[in-house]
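One structure is given here, and the rest of the page talks about it.
Computation of the quantities below employed the complete heavy-atom set of this structure, encompassing side-chain atoms and omitting hydrogens, waters and symmetry-equivalent molecules. Numbering of ligands and ligand atoms starts at 1, following listing order.
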Amino acid sequence: MKILVINAGSSSLKYQLLHMEDETVMASGLVERIGDLTGKKIHKKFPDTDREIRVEKNGEVPDHRAAMRFVVEMIKDPEYGVISTVAEIGAIGHRAVHGGDWFKAPALVDDAVKEIIRKTIPLAPLHNPSGLIGVETAQELIPDVPNVVVFDTVFHQTMPEKAFLYAVPLNLYTELKVRRYGFHGTSHKYVADKAALLMGKKPKETNIITVHLGNGCSMAAVKKGECVDTSMGLTPLAGLMMGTRSGDVDPAVLAHIAEHRGMSMKEIDVLLNKESGLKGICGMNDMRDIHEKADQGDRLALLALDMFCYRIQKYLGAYAVVLGRLDAVAFTAGIGENDAVVRSMILSGLDCLGIELDKERNIGRSKEDRLISTDTSRVQAWVIPANEELQIARETAAVLNP
Ligand code: ADP
C-alpha cells in the first residue's frame with residue numbers, strides 16, 4: 001500500500017509518499033509561506049535509496065488548497081512524479097496537534113470525527129485549524145481515498161490521572177478540559193519503540209525516557225511501551241526550556257508580570273511562547289548560534305546552555321524515579337540528534353542513574369540510530385533520528401488494516 005502523509009501547519013505543508021511494503025519514501029516535499037506572495041515549493045523524488053531528484057517552484061501560494069494542489073500535481077507529474085493516478089494512494093495520514101481527550105487512538109475521518117476535531121480548536125487555536133484544512137482539502141482534491149488523523153497527543157493518553165491532572169479545582173478539568181495532554185507523541189512513540197528494538201527487546205519489556213529536543217522540546221517517561229508522564233501540558237508551553245518558550249515557570253509569575261508591566265494575558269502568552277526560553281536569556285534561539293557565542297566565552301550564551309541542560313537533567317531524575325527501573329535514554333530531533341555538547345552536558349556525571357556516556361561514540365556524526373553509552377553502562381543512551389512521517393504512515397496503515 002502507498003500512503004501519503006500530510007503535515008499541515010498554519011503557513012506550511014509538508015508531505016511524504018511512502019511505500020509501506022518496505023517503508024521507503026517515494027517522494028516528499030514542502031510548501032512554505034502559504035498565504036504569501038513569495039511561497040516556496042520544493043518536491044523531491046527518490047528513484048532509489050541513494051538518489052534524489054529535486055525540483056523547486058517558487059511563487060504565490062494563496063492558501064492550503066493551492067498547497068495541496070501542488071502536492072497532487074507533483075506526485076502525478078510525468079517527469080517528477082511517482083504515481084500515474086491518485087487512485088494508487090491507499091490512504092492519507094494527517095498529523096494533527098491536539099486530540100484533547102476525545103481521541104485515544106488515530107481516527108479514520110468521517111463527519112463525526114471532523115466535528116470533534118472542530119471541538120479541539122479552542123485547545124490548540126494556532127495548530128488544529130490547519131490540520132482540519134489539510135483533511136478537507138485532501139478530501140476535495142483526492143476523493144475516494146480514506147483519510148486518517150494521527151494526533152500528537154494520543155501516545156500520552158495512557159498517563160494516569162495522578163500525572164495528567166493539575167492540582168486546581170477539579171471542575172476546571174471536568175468543565176474546561178484543563179489537564180496535561182503532552183505533545184510530540186508520534187515522535188516519542190517512534191523513538192521509544194525503536195530504542196526497544198535496538199536493545200533487542202519488545203516495547204513491553206523496556207522502560208525508556210525519550211528526549212525530543214527541537215525548536216519545541218519535551219520528554220516522556222515510557223513504561224513498558226506506554227507513556228506514564230510527559231513534560232508538556234495543556235499546551236506545548238510547559239516543561240523544558242525551549243528555543244523561544246519558557247517551559248515551566250511559577251504560575252504566579254503571570255499575575256506578577258500583568259500587575260507590574262500592565263500587560264494583558266494575551267501579551268504575556270506571547271511573551272512566554274515567543275520571547276522566552278533560550279532567546280529570553282541570551283537573545284538567540286538557534287542552538288548553533290548559541291554554541292558559536294558560547295565558544296567565544298559569551299556569558300549569556302553559556303548561561304542559556306547551562307539552564308537548558310539543567311532542566312533536562314531535573315526531568316531525567318524525576319522520570320527515572322517515576323519509572324522505577326530505567327533501561328535507556330533516547331535523544332531525538334534537531335538538537336537531540338546533532339548536538340554532542342548538549343548531550344554530554346546532560347549525561348556526564350550521571351552515575352546516580354547508571355548512565356555512562358562514551359565520549360567517542362557521542363561525538364561521532366551519523367544519520368543512523370546509534371548507541372552513545374559505554375558497553376558497560378547499566379542504562380543505555382541512544383541517538384535516534386526522528387521519523388514522524390513514517391510513524392504517521394504506520395499508524396494510518398494500522399487503522400485501515402487492524
Ligand atoms: P522542529 O521542532 O521545528 O522540528 P528541529 O527538530 O529541526 O525543529 O530542531 C531545530 C533545532 O535543532 C534548532 O534549535 C537548531 O539550532 C538545532 N540544530 C540543528 N542542527 C544542529 C546542530 N548541528 N547542532 C546543534 N543544534 C542543531
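Separation of the H156 and F183 ring centroids does not fall under the 6.0 Å cut-off.
Two residues are said to be in side-chain contact when any heavy atoms from C-beta on lie closer than 4.5 Å; L350 and V329 fail this criterion. E368 places none of its side-chain heavy atoms less than 4.5 Å from the side chain of R370. L123 is listed as a side-chain neighbour of W102, based on a closest heavy-atom distance under 4.5 Å. Looking at D101 and Y173, their side chains come closer than 4.5 Å, going by heavy atoms from C-beta outward.
The shortest separation from a heavy atom of G243 to ligand 1 is not under 4.0 Å, leaving the residue out of contact.
The protein heavy-atom contact nearest to atom 22 (C) of ligand 1 is N338 CB, 3.3 Å. The shortest contact between atom 6 (O) of ligand 1 and any protein heavy atom is with G334 N, 2.9 Å. The single protein non-hydrogen atom nearest to atom 17 (C) of ligand 1 is I335 CG1, 3.6 Å, given as residue, atom name and distance.
Remark: ligand 1 atoms within the under-4.0 Å shell around heavy atoms of D339 are 25 (C). Per-residue contacts place G216 under 4.0 angstrom from the following atoms of ligand 1 (heavy atoms of the residue considered): 2 (O). Those atoms of ligand 1 with a heavy atom of M287 less than 4.0 angstrom away are 14 (O), 16 (O), 26 (N).
With hydrogens and angles ignored, the 3.5 Å screen pairs no side-chain donor or acceptor of N362 with any backbone N or O of S373.
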Between R288 and E292, does a salt bridge (Lys or Arg N to Asp or Glu O under 4.0 Å) hold up when you go through it step by step? CA-CA 6 Å; R288 287 162 291 199; E292 209 180 305; over 6 Å; no

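Considering both main-chain and side-chain atoms, A333 never comes within under 3.5 Å of ligand 1 through any nitrogen or oxygen pair. Between N215 and ligand 1, at least one pair of N/O atoms sits closer than 3.5 Å. By the 3.5 Å distance cut-off applied to N or O atoms, D286 is counted among the residues near ligand 1.
Within a 4.0 Å radius of atom 1 (P) of ligand 1, the protein contributes one or more non-hydrogen atoms.
Aromatic ring pairs are classed by plane angle as parallel below 30°, tilted from 30° to 60° and perpendicular above 60°; the pair H43 and F70 is perpendicular.
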